[in-house]
**Q** 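Quick one: the structure is below, questions incoming.
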Protein chains: 2
Amino acid sequence: MMMSGEVSNKQIIFKDYVTGFPKESDMFLTTSSISLKVPEGSNALVVKNLYLSCDSYMLRMMKPSPSYVPSYVPGSPLRGYGVARVLESGHPDFKRGDLVWGVTGWEEYSLIDTPDTQIRIEHADVPLSYYTGILGMPGMTAYAGFMEVCSPKKGEYVFVSAASGAVGQVVGQLAKLLGCYVVGSGGSKEKVELLKSKLGFEEAFNYKEEQDLDAALKRYFPEGIDIYFENVGGKMLDAVMLNMRQHGRIALCGMISHYNPVQPEGIHNLMALIAKGIRMQGFMVYDYFDKYPKYLDLILPHIRDGKVAYVEDIAEGLENAPAALVSLFSGLFSGSNLGKPLIAVGGD
Amino acid sequence: MMMSGEVSNKQIIFKDYVTGFPKESDMFLTTSSISLKVPEGSNALVVKNLYLSCDSYMLRMMKPSPSYVPSYVPGSPLRGYGVARVLESGHPDFKRGDLVWGVTGWEEYSLIDTPDTQIRIEHADVPLSYYTGILGMPGMTAYAGFMEVCSPKKGEYVFVSAASGAVGQVVGQLAKLLGCYVVGSGGSKEKVELLKSKLGFEEAFNYKEEQDLDAALKRYFPEGIDIYFENVGGKMLDAVMLNMRQHGRIALCGMISHYNPVQPEGIHNLMALIAKGIRMQGFMVYDYFDKYPKYLDLILPHIRDGKVAYVEDIAEGLENAPAALVSLFSGLFSGSNLGKPLIAVGGD
C-alpha cells in the first residue's frame with residue numbers, strides 16, 4: 001500500500017544466502033514504495049539511482065560467513081556501489097540535484113542514512129557510469145594497489161591478472177602512463193585482444209591456453225616481474241612467485257580463485273619471497289580514499305583526451321540486474337564477459 | 001704431503017648432495033695441509049678459525065637445486081659463518097691479530113680470498129662466540145626483519161615462532177626493549193621454559209602440544225597479532241594469518257617447514273592479508289648489512305649490562321662439527337636442541 005508522498009520503488013531483493021555462486025533465482029524483483037522525504041531531523045539523503053555496479057566482492061556478502069564486509073540481509077535489497085542523483089538532502093554537504101557515487105541499494109530510489117559514504121561527483125563531462133568503474137571504487141582500487149602499495153618506477157615490468165576486469169584495465173593503463181612494461185592475462189581470446197588493441201598492454205595471454213603458467217610468464221617476462229597486481233590467486237600467484245625479480249612487489253587485491261571453494265588451493269612458493277626480498281601486501285581500498293582527489297587529478301585529463309579507455313558492459317533496466325550479477329561470476333571463470341559490468345537503472 | 005711453510009689443517013669435507021636432512025656420514029673429517037702465507041699480490045687473508053656457526057640455511061647448500069645460496073662443492077670443506085683470527089693479511093683493512101667474523105671454511109685454517117665478506121670485530125669484551133649469533137648474521141637477521149621490515153611500535157603484539165632459535169631469541173628481546181608484548185613458540189617444554197625464564201618473553205607455548213594452533217593463538221593474543229616474525233611456515237603461518245590485526249606485518253625469515261619436503265604444505269589463508277591490509281615481506285639479511293653498526297650500538301650495551309641474554313649450544317672440537325650440524329636439523333623438528341648451535345674449533 002502506498003502512503004501519501006510515496007512513490008513506487010522497484011527493488012532487487014536478496015532471497016537467501018547462497019552456496020557456490022549465485023543464480024538469478026537467488027534474487028527477485030519486487031515493487032515496494034518509498035517516501036521521497038528525508039525523515040525529520042535526519043541527515044539522510046533520498047536519491048534516485050542511475051547506475052548500479054556489479055562487483056566481485058558482492059559474492060562474499062551473499063554468504064553468511066564472517067567477512068570483511070557485512071552480509072546481505074535476506075528479504076532486503078542488495079546493496080553495492082552506484083551513481084545516483086540527490087532528490088532531497090538532510091546533510092549540509094549535499095543538495096537536491098547533486099550527483100553522487102557511493103554505496104546504495106539495488107532499487108530505483110534509496111534512502112541513504114549514512115551520507116558520509118557518498119562522494120559528490122564534481123566532473124559530469126565524462127560518462128557518469130564511469131563512477132562505478134574507473135572513476136569509482138574499482139579505479140581507486142587500481143590506484144591504491146598499484147601506485148600506493150607497489151611504488152612503481154618507470155621501466156619496471158608489470159604483470160596484471162584478470163587484466164580486462166574493472167580494476168585490471170585501470171592498473172594496466174596507469175602502468176603505461178608511468179612508462180612501465182605491462183603484460184596482462186585474461187580468460188578468453190576476446191579479452192586478450194581487448195588488452196592489446198584497446199587498453200595498451202604490450203602483451204596479453206589467455207591463461208586457459210597455457211599448460212604451464214610458469215613457462216608462459218618466463219616467455220613474457222624473460223627478465224622477470226617487478227610488480228604483480230594480483231587479482232586471481234591460486235596457481236597464477238604460485239607461478240608468479242617463481243618469476244619475481246629482486247625486491248619485487250605484489251599487491252594482493254582480489255584473489256578471485258579463493259572466493260569460493262571450501263578448501264582453497266594452497267600456495268606453495270612463498271619461499272621465493274624470502275630469497276628475493278619481495279613484499280606482498282594486502283590492501284583495502286577504504287584505507288586510501290583520502291587519495292581520491294589526487295587520483296582524479298591524474299586520471300581525468302587522460303580520460304578526456306582519450307589516452308585512457310574504459311570498457312563497460314552495461315545492462316539496461318533494474319529487471320536485468322540479477323542476470324548481470326550472475327553473469328559477472330560465471331564470466332570470471334568462463335571468461336565470457338567483457339568489460340566492467342553495471343546496470344543502467346533507467347526510468348529517469 | 002706437507003710442503004715447506006705449510007701446516008696440517010683438519011677439515012670437514014662435504015661428501016655429496018643430500019636428500020632430506022644430512023646424516024653425519026654425509027661429511028667426514030680429513031687432514032690436509034695449508035700454507036699460512038697469503039699468495040703474492042693477493043688481498044686474501046689467512047685465518048685461524050675459532051668458532052663455526054651451524055645455521056639452518058646450510059641445508060639448502062647441501063642440495064644441488066638452485067637456491068639463493070650456491071651449493072657446497074662435493075669433496076670440499078663445508079662453509080659457513082665463523083669467527084676467526086687473522087694470521088696474515090694482504091688487505092689494507094685487516095692486519096695480523098685482528099678478529100673477524102664472516103664466511104669461512106669448516107677447517108682449522110682458511111685462506112679467505114674474498115676478504116670483503118669479513119667484518120672486523122671491534123668489541124672483544126663480550127663472548128667472541130656471540131659473533132656467530134646475536135652479534136653476527138642471526139642477530140642482524142633479527143634486527144633487519146624486526147626493526148627494519150616490521151617497523152614495530154611500543155605496545156604492539158608480537159609473535160615469534162622458533163623463538164628460542166638463533167634469530168628468534170634476539171627478535172623477542174628486541175621487541176621487549178621496544179616495549180612490545182611478546183609471545184614465542186617452540187618445540188619442547190625446555191624451550192618454552194627458556195623463553196619465559198631467561199629470555200623475557202611474556203608467554204610461550206609448545207606448538208606440539210596444541211591440537212589447534214588457531215585456538216592457541218587466540219588464547220595468547222585475544223587482541224590479535226600486530227607483528228609476526230615468521231621462522232617456520234606451514235600450518236603456523238596459516239593460523240597466524242587468521243589472527244593478525246589490521247595493518248599487521250609479517251616478516252618472512254626462515255620457513256623451516258618449507259625447507260625440505262618435495263611438495264611443501266600449501267598456505268591457504270592469504271585472503272586474510274587483503275581484508276586486514278597486511279604486509280608480508282620476505283627479506284635477506286644481506287640487504288641490510290649497512291645497518292650493522294647501528295644494530296651494534298643498540299644491542300651491545302644491553303648485552304654488557306645483562307639485560308639481553310643469548311643462549312648457545314657449543315660443541316667442542318672440529319671433529320664434533322658434523323654431529324652438531326646434524327643435530328641442528330633433527331632438533332628443528334624434534335625440539336631437542338636448546339640454544340644457538342656452534343662449534344668451538346679449539347686447537348689454539
Side-chain angles (χ1 to χ4, degrees), chain A residues 56-57 59-60 65-70 141 144-145 148-150 230-235 237-238 241-242 244 246-288, chain B residues 56-57 59-60 65-70 141 144-145 148-150 230-235 237-238 241-242 244 246-288:
Chain A
S56 54
Y57 78 88
L59 179 61
R60 297 191 72 87
S65 56
S67 167
Y68 55 89
V69 283
T141 302
E148 299 287 327
V149 171
C150 292
E230 156 62 33
N231 277 309
V232 300
K235 289 185 199 311
L237 178 56
D238 246 356
M241 288 193 196
L242 301 176
M244 291 297 288
Q246 207 69 14
H247 301 138
R249 289 134 277 155
I250 299 175
L252 293 180
C253 180
M255 299 209 285
I256 293 162
S257 76
H258 291 187
Y259 265 32
N260 205 49
V262 176
Q263 175 69 341
E265 262 176 84
I267 299 295
H268 294 91
N269 297 329
L270 280 176
M271 189 76 192
L273 300 187
I274 299 179
K276 295 175 191 161
I278 287 163
R279 173 160 59 85
M280 178 153 90
Q281 183 156 353
F283 71 99
M284 293 292 277
V285 64
Y286 315 107
D287 288 336
Y288 296 87
Chain B
S56 53
Y57 78 88
L59 179 62
R60 296 191 73 87
S65 56
S67 167
Y68 55 89
V69 284
T141 302
E148 299 288 325
V149 171
C150 292
E230 157 60 33
N231 278 308
V232 300
K235 289 185 199 311
L237 177 55
D238 246 354
M241 288 194 197
L242 301 177
M244 292 297 289
Q246 207 70 16
H247 301 138
R249 288 134 277 153
I250 299 175
L252 293 181
C253 180
M255 298 209 285
I256 294 162
S257 76
H258 291 187
Y259 266 33
N260 206 49
V262 177
Q263 174 69 341
E265 262 176 83
I267 298 294
H268 294 92
N269 296 329
L270 281 175
M271 189 76 192
L273 301 188
I274 299 179
K276 294 174 190 161
I278 288 163
R279 172 160 60 86
M280 178 153 93
Q281 184 157 353
F283 72 99
M284 294 293 277
V285 64
Y286 315 108
D287 288 336
Y288 296 87

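Computed from heavy atoms alone, side chains included, the values below leave out hydrogens, waters and symmetry copies. Naming: A, B, ... by sequence-line order, numbering from 1 per chain.
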**Q** With side chain to side chain contact (heavy atoms under 4.5 Å, CB included) as the criterion, how do M280(A) and L252(B) come out once you've worked through the C-alpha distance, each side chain's angles and the decisive distance to 0.1 Å?
**A** CA-CA 10 Å; M280(A) 178 153 90; L252(B) 293 181; over 6 Å; no
**Q** Could you tell me the separation between the CD1 atom of I250(B) and the CG atom of L270(A), rounded to the nearest 0.5 Å?
**A** 9.5 Å
**Q** Hey, what do you get for CG (D287(B)) to CD (Q246(A)), rounding to the nearest 0.5 Å?
**A** 6.5 Å
**Q** Determine the minimum heavy-atom distance between I274(B) and M284(A), stating which atoms define it.
**A** O-CG, 3.2 Å
